[in-house]
Trainee: 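Sending over a structure as structure tokens; questions will come in a sec.
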Amino acid sequence: MSSTDLSALRPRLPSPLEELVDERFGRCGVRVVLKRDDLIHPELVGNKWRKLAPNLAAADGRTVVTFGGAYSNHLRATAAAGRLLGLSTVGVVRGQELADLPLNASLARCVADGMRLHFVDRSTYRRKGEPEVLAGILGAAGAEGAYVVPEGGSNGLAVRGCRALGGELRGRADVVGVACGTGGTLAGLAAGLGVGQRALGVPVLKGGFLADEVRGLQSAAFGGPRGDWWLDERFHFGGYARTAPELDAFAADFEERHGVRVERLYVAKLLYGLLALTEEGAFPRGTVLAAVVTGAPFDG
Ligand SMILES: *Cc1c(COP(=O)(O)O)cnc(C)c1O
């Protein structure tokens, strides 16, 4: 097999669509289906498959360099892809101080999958979009000439890859909810949906900057705005990786009711938000609501 023959990894595509029987939504006349992207591949999980696959093909055997924080799902997925496809990978990790500490379970998994880690201080990390700063990082990491995938994996190729998620949901739902980090998945999803379908993004980061990001990603991927989408910024619980007892209790209860494991950084906030919106009456009776399960919990 060629080093970038992703079909050899046997992704489960289209991902399954499962009915969710939950009286809290049922009482409000809303039917819910789960779009199980978490079942696409056990290691290249969820939206990370959709975003990475076209980039791995474009890397064409070159070393892949990408960026993330200490618990990044994207870094782990990239490292796993490297192992499965025989590609070298380098992870640029936010936080110089982490270099002197024992690796956490997420970074340890990256290393076990063959990823070389390169730690940079936070101010350099923040400026990695500037060409000279990026060149400096690649030089220091010994990765000149590598194929660079941006933080969170969101570039034009990734967004075009996520269009297939929308395509798989055509005719299957009125509203499709997805949790957002960079917004790349939402940008592609919205572009792939059919006429009359709407995508709802639930940002897990605080800041209110995401709508501009999504517009920018759509213009990089498609040359302009696509689809019908909106954001609800109320469900980040203080920001990335922040939580609250109420959110944890909600997620644990959801797992118990439905036998579906709930990833806490993104998926828990999406599901919480969709229930809150439903109970507020945001969706008319008869609405079919699809919730995208973009990932699975990491067990360390
Ligand atoms: C990375 C990730 C997201 C965020 O995707 P974006 O395209 O960056 O918005 C959502 N859910 C899960 C489980 C993720 O790992």
Side-chain angles (χ1 to χ4, degrees), residues 15 34-55 66-81 91 106 109-110 149-166 176-192 199-207 209-218 220-221 227 229-233 235-237 239-241 243 247 251 254 260-274 290-299:
S15 66
L34 297 181
K35 179 63 171 161
R36 298 291 307 270
D37 268 17
D38 57 316
L39 301 178
I40 292 175
H41 191 277
E43 292 184 86
L44 257 168
V45 181
N47 64 346
K48 300 304 183 277
W49 173 281
R50 297 191 187 270
K51 291 171 27 158
L52 273 171
N55 278 293
T66 195
F67 303 84
Y71 294 94
S72 167
N73 290 344
H74 166 67
L75 279 187
R76 274 201 322 281
T78 305
S106 187
R109 172 67 70 82
C110 292
V149 176
E151 179 174 37
S154 287
N155 56 13
L157 280 177
V159 171
R160 289 201 292 277
C162 290
R163 199 167 34 180
L165 168 59
V176 182
V178 68
C180 300
T182 63
T185 305
L186 173 65
L189 161 68
L200 162 62
V202 172
V204 307
L205 288 95
K206 196 162 93 175
F209 53 82
L210 200 74
D212 281 341
E213 298 284 321
V214 174
R215 280 189 281 270
L217 287 164
Q218 287 200 331
W229 58 272
W230 85 105
L231 298 176
D232 194 313
E233 306 259 8
F235 304 110
H236 54 66
F237 285 87
Y240 183 73
T243 188
L247 181 66
F254 191 95
V260 174
R261 298 183 61 222
V262 176
E263 191 272 350
R264 295 299 203 270
L265 300 181
Y266 294 94
V267 178
K269 293 178 183 181
L270 170 71
L271 295 171
Y272 184 98
L274 292 180
V292 184
V293 183
T294 40
F298 170 61
D299 295 319

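Counting starts at 1 for both ligands and their atoms, following the listed order. Keep in mind that what you see is a predicted model, and the values were worked out from it rather than measured. Sequence positions, counted from 1, serve as the residue numbers for this chain.
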Trainee: Heavy atoms only: which of Lys51, Arg50, Lys269, Glu263 is nearest to atom 7 (O) of ligand 1?
Mentor: Lys51
Trainee: Any N/O of Thr294 closer than 3.5 Å to an N/O of ligand 1?
Mentor: yes
Trainee: Report yes or no: is the cationic atom of Arg76 (NZ for Lys, CZ for Arg) under 6.0 Å from the centre of the six-membered ring of Phe298, at an angle within 45° of the ring normal?
Mentor: yes
Trainee: Can you find an N or O of Asn73 that's nearer than 3.5 Å to an N or O of ligand 1?
Mentor: yes
Trainee: Using heavy atoms and a 4.0 Å limit, tell me yes or no: is Ala179 in contact with ligand 1?
Mentor: yes
Trainee: Under 4.0 Å, heavy atoms only, figure out whether ligand 1 is touched by the backbone of His74, its side chain, both or neither.
Mentor: neither
Trainee: If only side-chain N and O atoms count, and only distance matters, is there a donor-acceptor pair under 3.5 Å linking Thr294 with Asp37?
Mentor: no
Trainee: For ligand 1, which atoms, with element, lie under 4.0 Å from some heavy atom of Cys180?
Mentor: 9 (O)
Trainee: I need the contact type for Asn47 against ligand 1. Using non-hydrogen atoms and a strict under-4.0 Å cut-off, is it side chain, backbone, both or neither?
Mentor: side chain
Trainee: Which atoms of ligand 1 have any heavy atom of Thr182 under 4.0 Å away?
Mentor: 6 (P), 7 (O), 8 (O), 9 (O)
Trainee: By number and element, which atoms of ligand 1 are closer than 4.0 Å to a non-hydrogen atom of Gly183?
Mentor: 6 (P), 8 (O), 9 (O)
Trainee: For Gly295, counting its heavy atoms only, list the atoms of ligand 1 lying under 4.0 Å from any of them.
Mentor: 13 (C)
Trainee: Non-hydrogen atoms of Lys48 versus ligand 1: any pair closer than 4.0 Å?
Mentor: yes
Trainee: For Ile40 and Ser15, run side chain to side chain contact (heavy atoms under 4.5 Å, CB included): C-alpha distance rounded to whole Å, both residues' side-chain angles, the deciding distance at 0.1 Å, then the answer.
Mentor: CA-CA 6 Å; Ile40 292 175; Ser15 66; 3.9 Å; yes
Trainee: So that I know where these two stand, are Tyr272 and Phe237 an aromatic pair - ring centroids less than 6.0 Å apart?
Mentor: yes
Trainee: Keeping Glu151 on the side-chain end and Phe67 on the backbone end, is there a donor-acceptor pair under 3.5 Å?
Mentor: no
Trainee: Just jot down the ligand 1 atoms closer than 4.0 angstrom to any heavy atom of Thr185, in number order.
Mentor: 5 (O), 6 (P), 7 (O)
Trainee: Cation-pi between Lys48 and Tyr266: NZ/CZ under 6.0 Å from ring centre and within 45° of the ring axis?
Mentor: yes
Trainee: Under 3.5 Å, is there a donor on one side chain and an acceptor on the other for Asn47 and Thr185?
Mentor: yes
Trainee: Evaluate Gly181 for polar contact with ligand 1, using N/O atom pairs at a separation under 3.5 Å.
Mentor: yes
Trainee: Run the side chain to side chain contact (heavy atoms under 4.5 Å, CB included) test on Cys110 and Leu75 for me, step by step, so that the C-alpha distance in whole Å, both residues' side-chain angles and the decisive distance to 0.1 Å come before the verdict.
Mentor: CA-CA 7 Å; Cys110 292; Leu75 279 187; 4.0 Å; yes
Trainee: Does Asp299 pair with Arg261 as a salt bridge, N-O distance under 4.0 Å?
Mentor: yes
